[in-house]
Structure formats: C-alpha cells, structure tokens
Amino acid sequence: MGLLSSAGTGKIVRIVGKMDGAKYRDILEENLLESARELRLGRRFTFQQDNDPKHKAKSFPTVFSSSKVKHELVANYSHLFWVQGSRPELQPYMLLAHTDVVPASEDDAWEVPPFSGDEKDGFIYGRGTMDDKGSVMGILAALEYILMKGYTPQRGFYIGLGHDEEVHGLNGAVNIVRLLKERGVKLLFVLDEGSAILDGILKGLDGPAALIATSEKGATVLKLSVSMPPSHASMPPRETTIGILAAAVKRLEENPMKRLFGLGPEGGMFEHLAHKFRFPLNFVMSNLWLFAPLIARIMERNETTNAFVRTTTAVTMFNAGVKENVIASYAEAFVNMRIHSAQTLKEVLECVESTVGDPRVKIEVVYGFDPLPISPYDETSFGFQIIKKTVLDMFPSMIVAPGMCIANTDSRHFKDLSSSIYRFTPAIYKPGDAQRFHGINERTSRENYEGMVQFFFRLFQNCDIKKLPESHTSVHEL
Ligand SMILES: CCCCCCCC/C=C\CCCCCCCC(=O)N[C@@H](CC(N)=O)C(=O)O
Ligand SMILES: [Zn+2]
Ligand SMILES: [Zn+2]
C-alpha cells in the first residue's frame, strides 16, 4: 500500500499495490489530461462517429500493444477487447461502457461550453463526463496501468465500448452480443453503468450508499396521434386535433401509473438501507410490508425518487400544425415510459388505453420491452460480491446495497450471455447531480474520475481472488 497526494487535488488517496507513488501520479495526471482532451474532442468523436482507433492507441499504448489484449472494432465504431487470463478454465466476465452521448446545445446556459472538456473548480465539465465517458476512460486507464505494472490476470475478461447506447445499442451492443454468442461465450457477470454512490439524494439516509443495480426498468415509447380534415381557422370545429391530443396527454400526466413501491428490487434496496435511515424512517423502512404505501407517497413528491415508485410517464415530443390560420389535420405526441419491475409492457399499454379513453386518439407502440430480470445478490453471487468488495476496499465504511437502474443501459442486450448483470460506477453523486444526466452542466469531479480508475484497477485484481470474502461461501473458489 502506498500513500500519496493525488494530482492537483491536495487530497490523500490510498493506492493498492506496490506501485511507485510518483509514477502513479504521473500516469494519473497524464490520463486526466488525456480525458480532458478526449472530452474536448467530444463533438467530433460523437456526432461524426469518428472513433479513430489511433487516438485511443495513442492514449493507451500498452493496451493496444500488449500481446494479452485482443482488440476489434464492431459495427465500425464499437470496441471489443479481450484480455486473456492465465487460467483459461475460469469463466470470463465483461465490463461495458459507451462512447456516444446525447446532444448538448451551447445555447442552454452551460457554465462551461459542453464540448470544451474544460476544468472548473475541480470538475471536468462536458457532455459525456458522467454518461458515460468517465467509465470508458476509467476502464481503459485502469487496464493501461495494470498491464504496465506487469500484472497478468488469471481470469480473462471482455471490455465492450458501445457507440450507440443512447439510441438503444442496436448496432453496437447488439452486434457485440451476436459475436460473443457465435463464439460460444458465457459470462460470469456483466458490469455496466446505471447506478452509483448516492450521497444526500435519498432523504433521511445518513451518509453515502453504493447502490449496485441488480435490474433495470422496462421501457416503451408510444406515439399518440389524431387526424381530421384541415379547415379554415375562421370556422374552427368545436375540437381540433391539437386540443384532442393535448387533452389526452394531460390525462396521462394527471393520472400517473399506480404506485408499486416495494414490489420490485427497490424493496430489497430499502430494506438493506433501513438501518442507515434516521428514526423513525429506519423503523418504517424495516417494515415495508406495512409502510410501503406511506413511503411511496413521500417518495413520489420528488422526481428522482418517484422513479422508484412507479412506471413513469414523460411526454417528450409534440408536433402539429403547418400554418397559423389552418386547423391542423394532424397532431402527434411521443410518450416515453419506464416500466416498474412489478409491471409488464402489456399491462402498461392496457392502462394507457383506458386513461386516454378516446377512440379518436390512435396509440402506436414505437418500441417496448419488459423490465429486466433481477440478478442475484446473495452471498454466493460472485459478481455482486466482487463489486461490493471493490467498493469496500476503496471506501471501508460505505454502505453497499442492491439497487435498481431507473433508466436503460446496453447491458440489457446481454441477458442471454449471463444471468448476473450489474449496473454500477463508483462515482459519488450529490443533490442536483441527477439533473445533470442528459441536462446542462454535466461534470465529473477529479475525485470521481480518479475513483473510477482506482475502482477498475482493483476490480481486475479482485476478480482473481481465490475465494469470496469472509463469511461468504466458497462455491466459486478457484
Ligand atoms: C437517468 C438519470 C437518473 C439519475 C438517478 C440519480 C442518481 C444517479 C445514479 C446513478 C447514475 C445513473 C446512470 C444513468 C444511466 C443512464 C443511461 C441512459 O441514459 N440510457 C438511455 C438509453 C436509451 N436510449 O434507452 C435511456 O434513455 O435510458
Ligand atoms: Zn449512458
Ligand atoms: Zn444517457
């Protein structure tokens, strides 16, 4: 173990292993700079999909030159790495992240231009810093210097970097899965983005909690439309396409889907966290069978915690009209819904039809899928326990609990390759950070970025441990 002051932060961080402190600091500094450069290239990297492998090769020379690493491009822009282990009889695992981002506009009041990658007050700002270039850079930086350190992993592993996660991963993740299936690969576990360390976001919880998501919500996008012949604005019909459709989406907003709090994986999450809540919440959370309806009413007041309570309804697009003096012949709206684990797509569609309750409104499913299966998190679950151990190695007093991802990730395409899919990055998020995802002022602190590198650096080594930590059974002994 070495103790050293981390680059530029003045904060003391503990680094595992015997690596020389100064060397570590140089590498970390280099990678932080490289990360900022990568973020500065965001617009080119993202919108032109110019995923120039030479750029990555320059940033991570050891990864790209090591005989232990096989790299291939998938669907032109996604990356698949195979890191060979010294014990081929051990089942491999897989880390996922994505290089694409949602759009950002410089007109949207960012404190720092969204594609500058500039640093301000200890934070690297830019679209993708949280979602999900921090993971991309963290994984590759950790791999770079575990290889530089001369460490040979025993258990082989894959790294998949998708290029189209924000548009469902249908080219990137789906083709990576296809390739692995063709090669007969089965994965011990998969780890992707989708949950984190929450500090102060869950009201009443004392201290931060690392939530390793064991599932993610289902989703659907519905297109609602109304058609009628166009006419002159001076002789309007009693109801217009726009009015009918506006009333329908208003009914959806005013009648949220039913409360299901406690009936999905969020139940286990709050039970695990119960003892960390202040009185009387600790008592209430320990007795969800009785208090779930009461807690649901409190949680639904906040938009982040409401997402754990129910299937959410978001009207995201509304298009109608071609001229201000013509009654619109057509109006359409798109509704994005995230399906709670205790509900199915079919049930949600039935409910929407009944709430809209107007045959003039046509409802079409653009896409939809059920909530994902719940991955195991008991004491014999290798993936969950190794991720937990890695968190505890970094933050010994951290509370670690199973969680739920309220959005979607590329990992959902991997369910035929593994029944143990987890979503977690070690970034610490505080109140206000949830709004930065797909919002303005997306940023990552230097500490969070360093934590990301450290986490994967330790995870690679922890996956080689002989048996699960004390008190765990030894079914996965090597
Ligand atoms: C969605 C933001 C949730 C904020 C929750 C508050 C706490 C933050 C904790 C963990 C990090 C959340 C990671 C979110 C991953 C988002 C992935 C994403 O944007 N996926 C897209 C993919 C798609 N097009 O389906 C999505 O829309 O879900
Ligand atoms: Zn993402
Ligand atoms: Zn996203």
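Position 1 is the first residue of the sequence, and the numbers go up from there. In listed order, ligands and their atoms are each counted from 1. Not measured: the values here are computed from a predicted model.
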How far is [atom] from its nearest protein heavy atom, and which residue and atom name does that atom have?
atom: atom 25 (O) of ligand 1; value: His168 ND1, 3.5 Å
atom: atom 24 (N) of ligand 1; value: Glu166 O, 3.1 Å
atom: atom 22 (C) of ligand 1; value: Glu165 OE2, 3.3 Å
atom: atom 6 (C) of ligand 1; value: Ala434 CB, 3.6 Å
atom: atom 16 (C) of ligand 1; value: Ala407 CB, 3.9 Å
atom: atom 15 (C) of ligand 1; value: Glu193 OE1, 3.8 Å
atom: atom 14 (C) of ligand 1; value: Phe437 CE2, 4.0 Å

Indicate yes or no: does an N/O atom of [X] lie under 3.5 Å from an N/O atom of ligand 1?
X: Thr304; value: no
X: Asn408; value: yes
X: Arg338; value: yes
X: Tyr367; value: no

Exercise for the section: Determine, using ring centers only, whether Phe64 and Phe81 are less than 6.0 Å apart. Expected result: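 Aromatic pair counts; centres sit under 6.0 Å.
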Practice task
Answer yes if the ring centres of Phe457 and Tyr145 are under 6.0 angstrom apart, and no otherwise.
Solution key: yes
Using a strict 4.0 Å threshold on nitrogen-to-oxygen distance, state whether [X] and [Y] make a salt bridge.
X: Arg423; Y: Glu193; value: no
X: Lys430; Y: Asp433; value: no
X: Lys389; Y: Glu379; value: no
X: Arg251; Y: Glu253; value: no

Straight-line distance of [X] [atom1] to [Y] [atom2], nearest 0.5 Å:
X: Lys133; Y: Met452; atom1: NZ; atom2: CE; answer: 13.5 Å
X: Phe384; Y: Ile421; atom1: CZ; atom2: CD1; answer: 15.0 Å
X: Asp370; Y: Glu347; atom1: CG; atom2: CD; answer: 9.0 Å

Practice task
Could you tell me whether any N, O or S atom belonging to Asp131 is less than 2.8 Å from the Zn ion (ligand 2)?
Solution key: yes
Problem - Under 2.8 Å: N/O/S of Glu193 next to the Zn ion (ligand 2) - result: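 Checking Glu193: at least one N, O or S atom is under 2.8 Å.
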Handout entry: Name of the Glu166 atom (N/O/S only) found closest to the Zn ion (ligand 3)
Key =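 The closest N, O or S atom of Glu166 to the Zn ion (ligand 3) is OE2.
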Handout entry: ligand 1 versus Ser195: contacting region, heavy-atom distance under 4.0 Å
Key =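 Answer for Ser195: backbone.
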Problem - Per-residue contact class, Leu198 against ligand 1 - non-hydrogen pairs under 4.0 Å - result: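 The part of Leu198 near ligand 1 is the side chain, not the backbone.
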Exercise for the section: Mark the output for His438 as yes if a heavy-atom distance to ligand 1 is under 4.0 Å, and as no if none is. Expected result: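 Yes, that is the case, since the closest heavy atom of the residue is under 4.0 Å from the ligand.
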